[in-house]
Number of protein chains: 2
Amino acid sequence: MTTDVTDRTQRVDAQRNRAAIIDAALACLSANPRASMAEIARAAGVGRVTLYGHFSSRRELVEAASVQAIGRAEVQLAPLDLDGDPREALRLLVTTSWRLVDDFQGLIGAAEQELGADRVREHHDETMLRVRRLMERGQASGQFRSDQSADWLTACFFAILHGAATEIRLGRLGEDEADRLLPDTIQALVSVPA
Amino acid sequence: MTTDVTDRTQRVDAQRNRAAIIDAALACLSANPRASMAEIARAAGVGRVTLYGHFSSRRELVEAASVQAIGRAEVQLAPLDLDGDPREALRLLVTTSWRLVDDFQGLIGAAEQELGADRVREHHDETMLRVRRLMERGQASGQFRSDQSADWLTACFFAILHGAATEIRLGRLGEDEADRLLPDTIQALVSVPA
DNA sequence: CATAACCCAAACATGGTTGTTTGAGATAAG
DNA sequence: CTTATCTCAAACAACCATGTTTGGGTTATG
């Protein structure tokens, strides 16, 4: 789904503004899912009319910001080598993922509000699939518990990350602590019970 | 305007309406955290003006609904005997709690939006304390892991329940499955790692 | 039954958000 | 230099939510 970056009749300043708006939307909506279009425009250093020139509705902007967020996440996640020992791979995935969840939690809220939870899942799909595949592989190799479905383990994975991000946001948990706790907690989640 | 708390001259129909409004608020806000005052009034079978006669602001109503919700939760939770084997007690707590989280998830969202996360935690405090005390007891008896703080284990407890409620709401998880999976998952969370 | 308490619909004020229009001015690109 | 593209502020329209006021009707209660 590569968009035509070089639209023949689009000026570079327009492209730059468009990018600035998406970035601003990402930042604003992450901080506050209910940020208004005016706020986002101001944060982008652009007039409100200009914003509507690029995105004809709030929904469209949220959509674009979501795509951007997923893109950034993929940049971090794609290069990870998850083919080794499933336990090690999972720890690696956790330590990389939780910051992303922390960063984009607000945006996800805005997107759920604006696009519906289904559409969000659709975007989130590839990211979630990566986790689920790892869960399945760990189950197949007998290192992860198989008495619970990979779907459920995946849901728990995100639930814990989401919870940690919330705790951090409330100032009840430090980032360093999260870094230390999360891998062990997730490990416990998937381990074969005694 | 007049904030006569102990209005001994309050008519019974007024009391009944007040109760109906709180119930309606509980139901509406649980289903949709952004339900309007008009919606809630309609659901309560009452005029909008009457609603404002009882609660002078949305904030006040959400506050009252929160108190009501906590009350209902306590009715379910208080009689539980959590003094036996911590593992058994935790399973009992899980099977009773997850439905409550499922029921009130929306309301909690509305309350966080309206009263701020801190105030919600304040309400939620007793409920959370019950979990934390159990975690501490399990740690003290050596049956729960002690390499992670009781606070963290408590946060994870709610994160998992919250996640399960979300999965249910999205139709990706059945209530019966949740009943089967959750106790084992929480068990794994608190167990001493191998 | 008398009356204070209560309910309610309609209307109003206020403020915020989304989205659009206009018209004049700036600027990138050929 | 010329032009199509782009920006922008101001104003406008439409909508929705929160609260308030009014004035007439209903009902509990003593």
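Residue numbering restarts at 1 for every chain, and letters A, B, ... go by the order of the sequence lines. What you see below is based on every heavy atom in this structure, not just the backbone, and it leaves out hydrogens, waters and symmetry mates. A quick note: this is a predicted structure, and the numbers were derived from the prediction, not measured.
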Name the closest nucleotide to the B/Y52 side chain, picking from C/dT18, D/dG19, C/dC6. D/dG19
D/dC6 OP1/OP2 closer than 4.0 Å to side-chain N/O of A/H54: no
Rounded to the nearest Å, what distance is computed from the CZ atom of residue B/R34 to the P atom of nucleotide C/dG16? 16 Å
Counting side-chain heavy atoms from CB outward, which of D/dT7, C/dT17, C/dC7 is closest to B/N17? C/dC7
Just how far, in rounded Å, is P of C/dC6 from CG of B/D13? 8 Å
Rounded to whole Å, CZ of B/R11 lies from P of C/dC7 at a distance of 7 Å
B/Q105-B/T166 side chain donor-acceptor pair, cut-off 3.5 Å: yes
Could you state the CD-C1' distance from B/E114 to D/dA17, rounded to the nearest angstrom? 11 Å
Whole Å only: how far is the CD atom of B/E60 from the P atom of D/dT18? 14 Å
B/Q10 CD to D/dT29 P, in whole Å, measures 11 Å
Side-chain donor/acceptor contact of A/R58 with base of C/dG19 under 3.5 Å: no
Rounded off to whole Å, could you give me the CD1-to-P distance for the A/I40 and C/dT17 pair? 11 Å
Using heavy-atom distances to pick each residue's nearest nucleotide on DNA chain D, tell me which of B/R59 and A/A14 is more 5'. A/A14
ILVMFWY network linking A/V120 to A/L29, side-chain heavy atoms under 4.5 angstrom: no
Among the candidates D/dA17, C/dA29, C/dC6, find the nucleotide nearest to the side-chain atoms of A/V12. C/dA29
So do the side chains of B/N17 and B/H54 get within less than 4.5 Å of each other, counting heavy atoms only? yes
Measure from the side-chain heavy atoms of A/V49 and tell me the nearest of C/dT18, D/dT21, C/dT22. C/dT22
Candidate nucleotides D/dT20, D/dT27, C/dC7, ranked by approach to the side chain of B/R48 - the nearest: D/dT20
From CD of B/Q15 over to C1' of D/dT27, roughly how many Å is that when rounded to an integer? 15 Å
Mind checking the CD-CG spacing from A/E114 to A/L61? Nearest 0.5 Å is all I need. 9.5 Å
Any side-chain heavy atom of A/D102 sitting closer than 4.5 Å to one from A/R169? yes
